[in-house]
Amino acid sequence: MAFAVRKFDAVIVGAGGSGMRAALQLAEADLKVAVLSKVFPTRSHTVAAQGGVAASLGNNGEDNWHWHMFDTVKGSDYLGDQDAIEFMCRKANEVVYELEHYGMPFDRTPEGRIYQRPFGGQTRNYGEGPVARSCAAADRTGHAMLHALYQRNVRARAHFFVEWMALDLIRNAEGDVVGVTAMEMETGEVVIFHAKAVLFATGGAGRIFSASTNAFINTGDGLGITARAGIPLEDMEFWQFHPTGVAGAGVLITEGVRGEGGYLLNKNGERFMERYAPTVKDLASRDVVSRAMATEIKEGRGAGKDGEYILLKLDHLGADVINKRLPGIREIALKFANVDCAKDPIPVVPTVHYQMGGIPTNYHGQVVVPKDGNMETIVPGLYAVGECACVSVHGANRLGTNSLLDLLVFGKSAGEQVIRDLNADPGLKDLPPDAGEFTRARLARLDDQTNGESVSQVGADMRRTLQLHCGVFRFPDLLVEGVAKIKEIAARAVHTEIKDKSKVFNTARIEALELENLIEVARSTMVCAEARKESRGAHDRSDFPDRDDKNWMRHSLWYKEGDRLEYRPVKLKPLTVAPFEPKARVY
Amino acid sequence: MRLSIYRYDPDKDAKPYMREYDVPLEPTDQMLLDALVRVKTLDDSIAFRRSCREGVCGSDAMNINGKNGLACITKIADLKEPVVLRPLPGLPVIRDLIVDMTQFFKQYHSIKPYLINETPPPEGERLQTPEEREELNGLYECILCACCSTSCPSFWWNPDKFVGPAGLLQAYRFIADSRDQATSERLDDLEDPYRLFRCHSIMNCVDVCPKGLNPTRAIGKIKEIMLKRTV
């Protein structure tokens with residue numbers, strides 16, 4: 001039986017911050033757009049972002065986008081592309097004001113302007129000291145933003161397909177993207193979405209690790225789909241460990257706690273960040289703080305029975321400030337750590353949080369690949385934004401609050417690019433004769449599998465492998481071993497078996513399909529990490545402790561086929577200003 | 001840990017039934033959702049929604065020992081065993097603990113859940129005093145989990161006509177926003193024997209809200225403003 005075909009101008013996969021920002025652009029241009037999401041849009045993981053969105057509004061002290069750009073380039077450990085970084089920092093004020101106009105309930109200054117707080121790595125005058133650049137709605141900024149974007153989309157009458165999971169890309173003989181297959185979760189029905197543009201906004205894949213701040217749905221679907229379609233993934237070795245996940249539970253505690261004046265203590269009650277980052281201390285960038293914490297724990301200065309965590313102290317802020325600016329944190333600490341943070345410190349550990357790498361794109365959201373000597377050949381019809389994309393503005397380490405900004409800026413710019421492309425070429429290209437065949441074969445394999453392993457078993461082995469072999473500190477023998485292990489696990493993942501064969505809301509089938517996506521992400525991560533012989537940003541190797549700009553100031557590109565790697569140079573030339581030359585990174 | 005879980009797969013079951021599970025827990029399993037995830041490793045056919053596992057996405061609302069709540073922030077230690085899990089009451093069941101939320105979202109959409117302000121915006125932000133902004137506290141935090149509306153007898157009887165606590169809380173969120181210009185239009189829309197006035201202050205919504213919000217108070221405020229404009 002052939003899959004049903006539905007035709008659209010554009011299909012957006014994912015309804016988090018970036019997908020909904022792009023959807024809004026297209027819906028307001030009266031295009032026929034389908035927005036597919038595994039969950040009701042306001043349940044997307046953007047909802048969990050806490051601390052704020054970066055923009056140099058200067059509502060609470062002088063600021064400008066040049067300083068923001070410098071911080072972002074430095075934060076990226078000089079792996080970020082400076083054209084994209086300039087683009088993002090210059091656009092920041094515009095997209096944040098737009099969000100406010102949509103109804104976003106930002107906190108306010110006494111003058112009635114958007115409230116801003118300091119955040120890690122965000123500084124004034126090129127590193128002199130912290131700056132209040134994070135525009136916040138208490139500690140629920142992501143929630144407020146996601147709801148505001150959804151609400152604006154309701155107003156613009158965007159067409160959502162709720163609880164649909166994308167499965168595979170459809171490319172024609174020329175390699176152009178002409179659609180995507182997707183499954184309606186409630187019925188199990190697969191439909192071909194035939195479109196002039198397919199835009200991925202599927203978020204990250206933090207669920208490749210055992211301990212992660214990420215939601216269950218963060219399974220890298222867009223990345224798995226892209227890799228299977230022969231398109232490389234970029235810089236997958238760079239995973240951000242957020243310094244403050246609740247010990248044991250992994251739930252995120254915003255950096256905004258430190259932005260408001262909280263700080264970290266070891267078991268001796270020492271404010272140890274003063275040793276590691278004398279200028280900005282607890283507000284150094286996340287890779288620096290996470291490494292400092294891991295070092296304290298490793299050297300026996302961790303708190304707790306087994307010295308396994310660090311303490312985050314904020315009781316000195318007083319109950320009033322905590323209730324006003326950090327109410328969600330108080331709730332989380334009570335629920336997940338059994339601690340009233342207005343009285344006692346919260347036990348925290350560095351926890352996987354964010355994927356800096358992703359589907360390679362330019363700053364218009366167009367997916368670009370090396371072809372015939374051109375390192376940035378556009379894949380017609382395919383776009384990617386948000387955490388699933390690698391623009392690359394975050395390089396080897398993202399700054400807190402730059403993620404929500406990334407969603408807004410590139411969601412909008414990709415939406416604008418889709419509109420330009422559809423105006424230039426309004427035709428719908430034909431589907432290839434075998435459209436949907438690949439998806440059908442994958443689903444048939446899963447349904448017919450007998451004597452296979454359970455999805456939960458293979459998934460647990462994958463998560464353990466990444467946790468053990470690709471952590472805050474990375475070691476050569478563990479990396480080599482990790483590559484071999486993950487290849488072996490990937491081979492098992494194509495023989496998973498599900499007992500549940502129902503058509504109706506079959507979450508076993510969905511989890512099996514998600515695992516196939518996670519596995520591609522996990523494999524690319526291990527292979528890229530083993531290959532990069534330097535330490536940069538979040539990638540820290542014991543055998544190559546220094547950054548090596550001569551050999552490694554370049555982006556990794558991983559292809560699923562044969563685990564092949566290619567590299568492309570970092571773009572050091574901004575759009576209009578002078579480049580920021582690589583320097584030693586001190587905070 | 002012992003659980004008794006509502007099971008129904010229309011693909012194969014003639015009617016719903018309760019199934020008992022004995023599931024071994026790990027010391028790290030603290031929340032009810034952790035236990036459900038363990039159950040799923042034993043029986044992959046059990047279906048429930050879940051995502052953020054920290055009480056902000058609103059996916060895993062269900063009826064827990066007779067009371068609506070989120071599995072991810074309900075502590076196992078606080079529950080009497082066997083823990084009886086049923087789908088949210090009053091909505092059609094799709095499968096197991098998964099309900100069809102169409103009617104719930106239809107009511108949410110019906111209150112025009114977006115800022116209405118036809119004045120062209122300034123280049124910067126629209127100004128709002130901290131006091132005006134504070135009016136939105138206790139309103140904007142709603143996660144649309146539906147615990148409240150599906151615990152409300154008025155919503156059970158008239159899900160197609162009564163907006164329900166979640167929708168009304170959001171209606172008031174926009175009425176209370178100093179930037180919104182559609183208050184009178186919003187009040188007109190609610191001035192109806194069913195849409196607003198089916199609320200009889202039973203307050204189940206307040207009792208179950210996992211975010212500690214108070215829809216009854218918001219509804220009271222709407223009624224108050226409505227009364228004021230008639231005198």
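The basis for the numbers below is simple: all heavy atoms, side chains too, and nothing from hydrogens, waters or symmetry mates. Proteins get letters first, then strands, A, B, ... in listed order; numbering begins at 1 in each.
The most heavy-atom pairs under 4.5 Å with chain A, out of B/Val37, B/Asp44, B/Asp180, come from B/Asp44. Ranked by heavy-atom pairs under 4.5 Å with chain A, the first of B/Thr28, B/Thr41, B/Ile98, B/Leu136 is B/Ile98. Between chain A and the residues B/Glu132, B/Glu123, B/Gln170, the largest count of heavy-atom pairs under 4.5 Å involves B/Glu123. Interface remark: of the candidates A/Lys503, A/Glu111, A/Lys335, A/Lys335 forms the most heavy-atom pairs closer than 4.5 Å to chain B. Of the listed residues (B/Gly212, B/Cys52, B/Pro130, B/Ala47), the greatest number of heavy-atom pairs within a distance under 4.5 Å of chain A belongs to B/Pro130. Interface check for chain A: of the options B/Thr129, B/Ile94, B/Asp96, the most heavy-atom pairs under 4.5 Å are formed by B/Ile94. Ranking A/Leu99, A/Val39, A/Val154 against chain B, the residue ahead of the rest is A/Val154, based on heavy-atom pairs under 4.5 Å.
Contacts of A/Tyr102 with chain B are made by backbone atoms alone, with heavy-atom separations under 4.5 Å and no side-chain atom involved. In this structure, the portions of B/Pro122 lying under 4.5 Å from any heavy atom of chain A include both its backbone and its side chain. A/Leu149 does not touch chain B: none of its heavy atoms, backbone or side chain, sits under 4.5 Å away. Residue A/Glu511 touches chain B through its side chain alone, counting heavy-atom pairs closer than 4.5 Å. With a threshold of 4.5 angstrom between heavy atoms, A/Ser212 approaches chain B through N, CA, C or O but not through any side-chain atom. When heavy atoms are compared at a cutoff of 4.5 Å, A/Glu163 approaches chain B solely by way of its side chain, counted from C-beta outward. In this structure, chain B has heavy atoms under 4.5 Å from both the backbone and the side chain of A/His101. Interface remark: B/Ile46 contributes backbone atoms only to the contact with chain A (heavy atom separation under 4.5 Å). Only the side chain of A/Ser456 comes within less than 4.5 Å of a heavy atom of chain B; its backbone N, CA, C and O stay farther away. With a 4.5 angstrom heavy-atom cutoff, A/Asp107 touches chain B via backbone and side-chain atoms both. At a 4.5 Å heavy-atom cutoff, the contact between A/Lys324 and chain B is made by side-chain atoms alone. Of the atoms belonging to A/Asn153, not a single heavy atom falls under 4.5 Å from chain B. Using a 4.5 Å cut-off between heavy atoms, A/Thr109 touches chain B through its backbone atoms (N, CA, C, O) alone. Neither the backbone nor the side chain of A/Ala148 has a heavy atom closer than 4.5 Å to any heavy atom of chain B. For A/Ser454, no part sits under 4.5 Å from any heavy atom of chain B, backbone or side chain. Heavy atoms closer than 4.5 Å to chain A are found in the side chain of B/Tyr108, but not in its backbone.
Exactly one of B/Gln30, B/Met31, B/Lys75 qualifies for a side-chain contact (heavy atoms from CB on, under 4.5 Å) with A/Phe336. That residue is B/Met31.
Counting only distance, with no hydrogens or angles, the side chain of B/Arg179 and the backbone of A/Glu100 share a donor-acceptor pair below 3.5 Å. Not one N or O on the side chain of A/His45 forms a donor-acceptor pair closer than 3.5 Å with the backbone of B/Ser51. Of the possible donor and acceptor atoms, none in the side chain of B/Glu125 sits under 3.5 Å from a partner among the backbone N and O of A/Arg113. Checked by atom type and distance alone, the side chain of B/Arg133 pairs as donor or acceptor with a backbone atom of A/Pro105 at under 3.5 Å.
Relative ring orientation between B/His109 and A/Tyr150 is described as tilted, the plane-to-plane angle lying within the 30° to 60° band.
Within a 6.0 Å sphere centred on CZ of B/Arg217, heavy atoms belonging to other residues, nucleotides or ligands number 12 at most. Within a 6.0 Å radius of CZ in A/Arg108, more than 12 heavy atoms belonging to other residues, nucleotides or ligands are found. Atom NZ of A/Lys501 has more than 12 heavy atoms from other residues, nucleotides or ligands within 6.0 Å. At most 12 non-hydrogen atoms from other residues, nucleotides or ligands lie less than 6.0 angstrom from CG of A/Asp320.
Between A/Ala48 and B/Glu54, the shortest heavy-atom contact is CB-OE2, 3.8 Å. Considering every non-hydrogen atom in both B/Tyr140 and A/Ala138, the closest pair reads OH-CB, 3.8 Å. The nearest pair of heavy atoms linking B/Leu33 to A/Phe216 is CD2-CE1, 3.9 Å. The shortest non-hydrogen separation linking A/Arg155 to B/Ile116 is NH1-CA, 4.1 Å. Heavy-atom minimum distance, B/Lys40 versus A/Ala508: NZ-N, 3.7 Å. Scanning all heavy atoms of the two residues, the minimum distance from B/Leu144 to A/Arg43 falls at O-NH2, 2.9 Å.
A salt bridge is absent between A/Glu186 and B/Arg49; no separation between the charged side-chain nitrogens and carboxylate oxygens falls under 4.0 Å. At a threshold of 4.0 Å, the pair B/Lys211-A/Glu331 counts as salt-bridged, since one of the basic side-chain nitrogens sits closer than that to a carboxylate oxygen. The pair A/Asp500-B/Arg95 meets the salt-bridge criterion, since a charged nitrogen lies less than 4.0 angstrom from a carboxylate oxygen.
By a heavy-atom distance cut of under 4.5 Å, B/Asp9, B/Pro10, B/Asp11 are the residues of residues 4-20 of chain B near chain A, going up by number.
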Show your working on side-chain contact (heavy atoms from CB on, under 4.5 Å) between A/Lys499 and B/Asp43 and close with a plain yes or no.
-> CA-CA 8 Å; A/Lys499 304 287 182 202; B/Asp43 174 0; over 6 Å; no
Begin from the C-alpha positions of B/Tyr114 and A/His147 and carry the test side-chain contact (heavy atoms from CB on, under 4.5 Å) through to its verdict.
-> CA-CA 9 Å; B/Tyr114 42 81; A/His147 281 252; over 6 Å; no
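How far CD1 of B/Ile73 is from CD1 of A/Ile332: 9.5 Å, rounded to the nearest 0.5 Å. Separating the CZ atom in B/Arg53 from the CG atom in A/Asn214 is a distance of 8.0 Å, to the nearest 0.5 Å. Rounding to the nearest 0.5 Å places CD1 of A/Ile217 at 7.0 Å from SG of B/Cys57.
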